[in-house]
Undergrad: 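Before I ask anything, let me first share the structure, which is written out below as structure tokens.
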Amino acid sequence: MELNAKYDHREVEDKWYAYWLENKFFHSEPDSREPYTIVIPPPNVTGILHMGHVLNNTLNDVLIRKARMDGRNACWVPGTDHASIATESKVVAKLKGMGISKDDITREEFLKYAWEWKEEHGGIILQQLRKLGCSCDWDRTRFTMEPALSAAVIRTFVHFYRKGWIYKGVRMVNWDPVALTAVSDDEVIHKDTQSHFYHLKYFISDGAGNPTDQYLVIATTRPETIMADAAICVNPADERHHWLRGKKVLIPLINREIPVIEDDYVEMDFGTGCLKVTPAHDVHDYEIGLRHNLPVLEIIDDRGRLNEKAQILVGEDRFVARKKIVGMLEEAGNLLKIEDYTSPVGYSERTDAVIEPKLSAQWFLKMDLLAKTALETVESGRTRFIPERYYNTYRHWMENARDWCISRQLWWGQRIPAWYLPDGQVVVEPDAEAALKAAQKINPALTAADLRQDEDVLDTWFSSWLWPISVFDPEFPGNPDHEPNADLKYYYPTSDLVTAPDIIFFWVARMIMAGEEFMGREPFSNVYFTGIVRDKLGRKMSKTLGNSPDPLDLIAKYGADAVRIGMLLCASAGNDIFYDESQVEQGRNFCAKIWNSFRLVRGWTVDDAAPQGEAAALAVRWFSDKLSQTVATVEDHYSKFRISDALMTVYRLFWDDYCSWYLELVKPAYGTPVDRRTYEATLGFFDSLLRLIHPVMPFITEELWQALADRREGETILFAPTPKAGEYSAQRIADFALAAEAAGNIRALRQEKGISPKEPLDLYVDASFPQEMFPVLEKLAGVHVSVGEAAGAGASFVVGTSKLFVALEGRVDAAEETAKLQADLEYQRKFLAGVRAKLANEKFVAHAPEAVVAVERKKEADALSRIEAIETALKALGA
RNA sequence: GGGCGCAUAGCUCAGUUGGUUCAGAGCAUCUGCCUUACAAGCAGAGGGUCGGCGGUUCGAAUCCGUCUGCGCCCACCA
């Protein structure tokens, strides 16, 4: 790129990504190095990139790039998840747009459409990750529903079935009437919802099905289900209701007779103490029904409409029916009152439909032993969580895990490998052929046509829990005779997993279970939980709110490097991220700063004969120290997954120390050349800085690193080693900080007095001021420094323990200056008094560690010398 | 209802087993500068009783108790 131009990320990003791809720099094969492995949290195959992906994958990419530069064999496996419910609902919606209903086509036809959709949209998100700079090993791209991985899922099902851990049972499940499938407990979100408490009169039957004038009152939120009532239940200890024993009551509107029963489940002080029992449409009522042998009458169909068993309002949606039946009840005189009521209602995570409890036959996987093992993995520390507070959450869930409902009434996914015989018996085998053989052992006369495969598919998480294994060797899970291949042996367990905390149970916990089950050990060493990306106002980013920017627009506008920085700047571990575009602007500004500093350095001409100036020589020594010190800090941050701290540390090193101090010190006057030694050192520092920043800003660093020197064919910053922390002089760093502070004071003085930055001034310092730093002051503050005291008018200030005096003959008001010094003197005396009081405290001296007391003594000495210095200055002013 | 966590500058957050002048950073704000790398910039400045109260200690932003205000997870009182 032209040196004089402004930085233009568009010219840079595509060029280098193409170069990296072309040379297969991201590809990894097992070798003798230590592996560093990450498997991507697979995004939904039909998804598009959102800010959560940006955060997550930026963090992943920073870690993988850092490891690569640290000399490890870095492998980041990308891929996508078939996401059965999400994808199926998109395909259904698309077909609807084409005038096709899912009900009218066969499973095979539907799947054809679904695969077409996948082929069309499935690669999009992976392409988008490339724009972000993700250095995935694209040759290893996987899809949870590709044939080999699907086969692994099927074998896994068979494995657990044979182990006796998978069973089919009729259970009350969470039914999603929009997606028309059962969903797991974890996919139900309970939200407090405004509704009403309807108090209904149920009249006592006279025994012949006619109402008497006696009645009881029940309170319900779901009046539309009364037609499915099987009983009225009261607490046996509730004396208020003893008169109801043995009575029967009539369901309003339809006058069906139901008994009054007693069960401890009923809370006496909630509602009216009478509960209507509706076994088909409430989990608890179902349990009560089992205990009391009540009939189960289902009146709501799969789509949430009343069916003919309801007798009235047949075909109406449950919410419409609720409204209508309230009117009917009122008319019939059964409605006593309506109260406002807020109660938790379950919503489907995917469709946001209100979940309908529904009885159905589903497949379950027993969790007890799996959860126990997976808890042990984390408790023993073999898998660490960052931040640590997720241990508690995890433990609680593992100790209370309920069996996992793994069947889904969908078509998009791995079909359950269970075949039913005509007599209802079931065989579970990896494929139809094996199923037939198994069936023929039961009944030799059976043919393939007699077998019927289960219609359901498996929960998506039942395939993604194998991810860290199956991406390397899909033959392995559920295949006891198979030796793990070289990849699996080398890359498993993976190193770090970066993911959002909301899938800790869906995915993280279950990967640990599958890892322990099949590999006998944990799937990853560390799990880093990111926060959730929110907007400035703290709202979760969502499509419906429209508060989520399109990451690709941001990348186009500001550049991928800037977007990555913007994301990381506010991403301290475990906290939610409050995204604001100004952070991305800050990232872009940093790119510009780096670019401009490069322009400065490359624009210099070099004079081999010129000697190195004192200021430059000092600057080189100092920056070398500062660099070493900072590298150590950055390494420490990385080791604790404090990525944003690592970034901020480097940011300040580059901007404040390198640009504002170092380059200003070594910068030759306009038009003059720089000496060779300083030039080489400056380029060397630049190289180190680029390598230090590369994991967070891959593109601009590659561009500049390539331009910084003649690089060999195929050389890249991707594999350039991370700068190592060397020895450094903490003293020099401290001394420089003093000089920098002094220079700042002098600049402020100039501004205050209206003295041009170029006008030379005389500065007098006392002997305690580090002499090595004189050139810094001379260059940066435009002063001539000498040791000693000056007589006459001037301005004085204290830096560290040194007294500095700037001669300003004729330009200071002696009275004003005296007043300032006196104020300073007073402050120092107060401070001294404080320190002395502390030292006079016997308990302090007795209890505090020696080092702490020594510090106090030093403070005392320093304060004394400062006071002395100020008094001297006051004397000079004639006070 | 149970559990976990948070509260520090206008905003977002550091503050690593209580102790260096420890009250910090970045952004934002204000002032002065278009100074031949950079106005997407430079040089400065202001700004906080560390949520309230109480306790432990020679010493508390840091430990304990309590109150207030938030957030998250789990949870089927119809």
Side-chain angles (χ1 to χ4, degrees), chain A residues 3-4 6-7 172 185-186 188 190 197 218-222 233 265-267 269-272 274-278 282-285 287 341 343-346 357 387 389-393 396-397 400 501-502 504-505 532 536 538 558 562 569-572 574-578 580 582-583 585-586 588-604 636 640 642 644-645 648-649 651-652 659-660 663-664 667 670-671 743-745 747-752 754 756-758 800 831 835 838 841-849 851-856 858-859 862-863:
Chain A
L3 206 54
N4 290 329
K6 281 201 168 188
Y7 177 63
M172 193 61 95
D185 290 336
D186 311 303
V188 178
H190 289 95
F197 225 179
I218 61 104
T220 180
T221 54
R222 300 201 61 188
C233 190
Y265 168 76
V266 180
E267 298 282 337
D269 35 357
F270 187 81
T272 61
C274 294
L275 171 70
K276 74 186 200 63
V277 183
T278 319
D282 185 278
V283 189
H284 282 119
D285 292 7
E287 303 280 324
Y341 184 63
S343 64
V345 173
R389 86 179 101 97
Y390 288 104
Y391 286 122
N392 285 327
T393 318
H396 183 261
W397 193 78
N400 298 288
D502 51 352
I504 181 169
F505 307 130
I532 292 165
K536 252 199 291 197
Y558 296 104
L569 275 176
C570 49
S572 54
N575 291 327
D576 283 357
I577 284 67
F578 293 88
D580 183 17
S582 71
Q583 287 147 349
E585 278 178 38
Q586 194 184 341
R588 175 205 52 188
N589 295 355
F590 189 39
C591 289
K593 187 69 183 178
I594 295 174
W595 173 252
N596 284 319
S597 61
F598 179 78
R599 287 177 57 205
L600 172 70
V601 173
R602 282 317 303 254
W604 288 343
D636 184 53
K640 292 170 182 151
R642 302 164 67 136
S644 65
D645 288 335
M648 187 46 70
T649 306
Y651 178 93
R652 292 174 61 194
C659 294
S660 297
L663 288 181
E664 291 303 326
K667 183 160 76 172
Y670 181 68
N745 284 338
R747 285 166 171 171
L749 183 69
R750 286 180 188 275
Q751 195 170 318
E752 184 192 326
S756 151
K758 287 173 186 157
F831 178 73
V835 172
K838 207 167 183 182
N841 184 335
E842 284 168 26
K843 285 182 175 173
F844 169 71
V845 179
H847 289 101
V852 174
V853 179
V855 164
E856 292 300 319
K858 180 155 188 318
K859 276 197 227 169
D862 290 352

Undergrad: I'd like the P distance from B/A78 over to B/G55, given in whole Å.
TA: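 These two P atoms come out 44 Å apart once rounded.
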
Undergrad: Listing time: all N or O pairs from protein to nucleotides 30-35 of chain B that are below 3.5 Å?
TA:
none

Undergrad: Say you pick atom C1' in B/C63 and the same atom in B/A9; how far apart are they, in whole Å?
TA: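 Looking at atom C1' only, B/C63 and B/A9 are 26 Å apart.
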
Undergrad: To the nearest 0.5 Å, tell me how far A/Leu663 CG sits from A/Trp604 CH2.
TA: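 One finds 5.5 Å between CG of A/Leu663 and CH2 of A/Trp604.
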
Undergrad: Holding to salt bridge (charged side-chain N to carboxylate O under 4.0 Å, His left out), I want the full list of residues that pass it with A/Glu842, two or more places apart in sequence or in another chain.
TA: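 None.
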
Undergrad: I'd like the P distance from B/C6 over to B/U29, given in whole Å.
TA: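 Roughly 31 Å separates the two P atoms.
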
Undergrad: Reading nucleotides 8-13 of chain B 5' to 3', which nucleotides get B (base under 4.0 Å from a protein heavy atom), which S (sugar-phosphate only), which -?
TA: ----SS

Undergrad: What integer distance in Å separates A/Phe505:CZ from B/C72:C1'?
TA: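 Distance check: A/Phe505 CZ to B/C72 C1' gives 11 Å.
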
Undergrad: Base, sugar-phosphate or nothing for A/Gly346? Non-hydrogen atoms, less than 4.0 Å.
TA: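 Since no nucleic acid heavy atom lies under 4.0 Å of A/Gly346, the category is nothing.
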
Undergrad: Rounded to the nearest Å, what distance is computed from the CG atom of residue A/Asn392 to the C1' atom of nucleotide B/C72?
TA: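 Taking CG of A/Asn392 and C1' of B/C72, I get 13 Å after rounding.
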
Undergrad: Could you list, one pair per line, each protein nitrogen or oxygen that sits under 3.5 Å from a nitrogen or oxygen of nucleotides 46-51 of chain B, together with the distance?
TA:
none

Undergrad: Separation of A/Asp636 atom CG from B/G15 atom C1', in whole Å?
TA: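 After rounding, the reported distance stands at 14 Å.
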
Undergrad: Checking contacts here: which listed nucleotide (B/G26, B/A78, B/U20) is nearest the side-chain heavy atoms of A/Thr220?
TA: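 Shortest atom-to-atom distance from the side chain points to B/A78.
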
Undergrad: Without decimals, in angstroms, what is the distance between A/Arg642 CZ and B/A14 C1'?
TA: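 Taking CZ of A/Arg642 and C1' of B/A14, I get 7 Å after rounding.
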
Undergrad: Only Watson-Crick and G-U wobble pairs with both distances less than 3.5 Å should count. Give RNA chain B in dot-bracket notation, marking inter-strand partners with |.
TA: (((((((..((((.....[....)))).(((((.......))))).....(((((..]....))))))))))))....

Undergrad: Test side chain to side chain contact (heavy atoms under 4.5 Å, CB included) on A/His396 and A/Asn392; report intermediate values, then the result.
TA: CA-CA 6 Å; A/His396 183 261; A/Asn392 285 327; over 6 Å; no

Undergrad: Please report the shortest heavy-atom distance between A/Arg750 and A/Lys758, naming the atom on each side.
TA: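 Minimum heavy-atom separation between A/Arg750 and A/Lys758: NH1-N, 4.4 Å.
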
Undergrad: For A/Val266, answer base if it contacts any base atom (sugar-phosphate contacts may also be present), sugar-phosphate if it contacts only those atoms, and nothing otherwise; contact means non-hydrogen atoms under 4.0 Å.
TA: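 If one applies the 4.0 Å heavy-atom cut-off, A/Val266 turns out to touch a base.
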
Undergrad: Check whether any side-chain nitrogen or oxygen of A/Tyr390 sits under 4.0 Å from OP1 or OP2 of B/C74, and answer yes or no.
TA: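 Answer is no, no contact under 4.0 Å.
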
Undergrad: Give A/His847 one of three labels, base, sugar-phosphate or nothing, depending on what nucleic acid heavy atoms sit under 4.0 Å from its own.
TA: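 Answer is base: heavy atoms of A/His847 come under 4.0 Å of a base.
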
Undergrad: With rounding to the nearest 0.5 angstrom, report the OH to CG distance, A/Tyr651 to A/Asp645.
TA: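 So the gap between those two atoms works out to 15.0 Å.
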
Undergrad: Write down the distance separating the P atoms in B/G10 and B/G52, rounded off to the nearest Å.
TA: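 My reading of the P atoms in B/G10 and B/G52 gives 14 Å.
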
Undergrad: List for me each residue that meets side-chain contact (heavy atoms from CB on, under 4.5 Å) alongside A/Thr393, sequence neighbours excluded, and say none if there are none.
TA: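 Here the qualifying residues are A/Tyr390, A/Phe505.
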
Undergrad: How far apart are the closest heavy atoms of A/Cys659 and A/Ser597, and which atoms are they?
TA: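 It is SG-CB, 3.8 Å.
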
Undergrad: Can you sort out the partners of A/Arg222 under salt bridge (charged side-chain N to carboxylate O under 4.0 Å, His left out), two or more places apart, ordered by chain and number?
TA: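 Residues passing salt bridge (charged side-chain N to carboxylate O under 4.0 Å, His left out) with A/Arg222: A/Glu224, A/Glu356.
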
Undergrad: Using the C1' atom as the point on both nucleotides, what is the distance between B/G26 and B/U20, in whole Å?
TA: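 It works out to 25 Å between them.
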
Undergrad: Send over the distance from A/Glu856 CD to B/U20 C1', rounded to a whole Å.
TA: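 That distance rounds to 8 Å.
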
Undergrad: Rounded to the nearest 0.5 Å, what separation is found between the OH atom of A/Tyr265 and the CD atom of A/Glu287?
TA: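 Separation between the atoms: 9.5 Å.
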
Undergrad: Going by heavy atoms in the side chains, are A/Thr220 and A/Phe197 under 4.5 Å from each other?
TA: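 Result no, sub-4.5 Å side-chain heavy-atom pair not found.
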
Undergrad: Please give, in whole Å, the distance from B/G5 C1' to A/His396 NE2?
TA: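 Taking atom C1' of B/G5 as the reference, NE2 of A/His396 is at 16 Å.
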
Undergrad: Let's see if you can work this out: which of B/C74, B/A14, B/G44 has an atom nearest to the side-chain heavy atoms of A/Arg747?
TA: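 Shortest atom-to-atom distance from the side chain points to B/G44.
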
Undergrad: Applying side-chain contact (heavy atoms from CB on, under 4.5 Å), name anything that partners A/Thr649, two or more places apart in sequence or on another chain.
TA: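 A/Thr649: side-chain contact (heavy atoms from CB on, under 4.5 Å) contacts with A/Thr630, A/Thr633, A/Val634, A/His637.
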
Undergrad: Take A/Glu267 and A/Asn745, find for each the nucleotide of RNA chain B with the closest heavy atom, and name the residue whose nucleotide sits nearer the 5' end.
TA: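 That would be A/Asn745.
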
Undergrad: To the closest 0.5 Å, what do you measure between CZ (A/Arg599) and NZ (A/Lys6)?
TA: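 NZ of A/Lys6 is found 9.5 Å from CZ of A/Arg599.
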
Undergrad: Excluding sequence neighbours, so at least two apart, what forms salt bridge (charged side-chain N to carboxylate O under 4.0 Å, His left out) with A/Lys667?
TA: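 Salt bridge (charged side-chain N to carboxylate O under 4.0 Å, His left out) check on A/Lys667 returns A/Glu664.
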
Undergrad: When rounded to the nearest 0.5 angstrom, what is the spacing between CD in A/Gln586 and CZ in A/Arg588?
TA: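 Here the interatomic distance stands at 11.0 Å.
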
Undergrad: Would you mind reading off the distance between A/Lys843 atom NZ and B/U57 atom P, rounded to a whole angstrom?
TA: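 Rounded to the whole Å, the gap is 9 Å.
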
Undergrad: Return the set of residues passing ring-ring contact (aromatic ring centres under 6.0 Å, His included) with A/Tyr391 (not counting sequence neighbours), or none when no residue passes.
TA: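 For A/Tyr391 the ring-ring contact (aromatic ring centres under 6.0 Å, His included) partners, ignoring immediate neighbours, are A/Phe385.
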
Undergrad: Considering only B/G26, B/G19, B/C4, which nucleotide approaches the side chain of A/Arg389 most closely?
TA: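 Output: B/C4.
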
Undergrad: List the residues meeting salt bridge (charged side-chain N to carboxylate O under 4.0 Å, His left out) with A/Asp282, not counting sequence neighbours, and say none if there are none.
TA: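 Expected list: none.
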
Undergrad: Could you check whether A/Arg652 gets within reach of a base, just the sugar-phosphate, or nothing at all, counting any heavy atom under 4.0 Å?
TA: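 Sugar-phosphate contact only.
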
Undergrad: Before giving the answer on side chain to side chain contact (heavy atoms under 4.5 Å, CB included), spell out for A/Tyr7 and A/Ile594 the whole-Å C-alpha distance, their side-chain angles and the decisive distance to 0.1 Å.
TA: CA-CA 9 Å; A/Tyr7 177 63; A/Ile594 295 174; over 6 Å; no

Undergrad: Kindly compute the distance separating CG (A/Asn589) from CG (A/Asn596), expressed to the nearest 0.5 Å.
TA: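 Answer for the CG-CG pair, A/Asn589 versus A/Asn596, is 10.5 Å.
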
Undergrad: What's the shortest heavy-atom distance between A/Glu856 and A/Phe844, and which atoms?
TA: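 The pair with the smallest heavy-atom distance is CG-CZ, 3.7 Å.
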
Undergrad: For nucleotides B/A40 and B/G59, find the distance between their C1' atoms and express it as a whole number of Å.
TA: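 It works out to 47 Å between them.
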
Undergrad: Mind checking the C1' distance from B/A61 to B/A7? Whole angstroms is fine.
TA: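 Per the computed distance, 12 Å lies between those C1' atoms.
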
Undergrad: Starting the side chain at C-beta, find the nucleotide from B/A78, B/G26, B/U20 nearest to A/Leu275.
TA: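 Among B/A78, B/G26, B/U20, the one nearest the side chain of A/Leu275 is B/A78.
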
Undergrad: Using a cut-off of 4.0 Å on non-hydrogen atoms, how would the nucleic acid contact of A/Pro501 be classed: base, sugar-phosphate, or nothing?
TA: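 Nothing, no nucleic acid heavy atom in range.
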
Undergrad: Which one, B/A14, B/G26, B/C74, comes nearest to the side chain of A/Met648?
TA: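 It is B/G26.
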
Undergrad: Determine the Euclidean distance between corresponding C1' atoms of B/G65 and B/A23; express it in Å to zero decimal places.
TA: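 Here B/A23 and B/G65 have their C1' atoms 25 Å from each other.
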
Undergrad: Reading nucleotides 36-42 of chain B from the 5' end, what letters show protein touch, with B for base, S for backbone sugar-phosphate only, - for no heavy atom under 4.0 Å?
TA: BBB-BSS

Undergrad: Measure from NZ on A/Lys838 to P on B/U57 and round the result to the nearest Å.
TA: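 The answer, rounded to whole Å, is 18 Å.
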
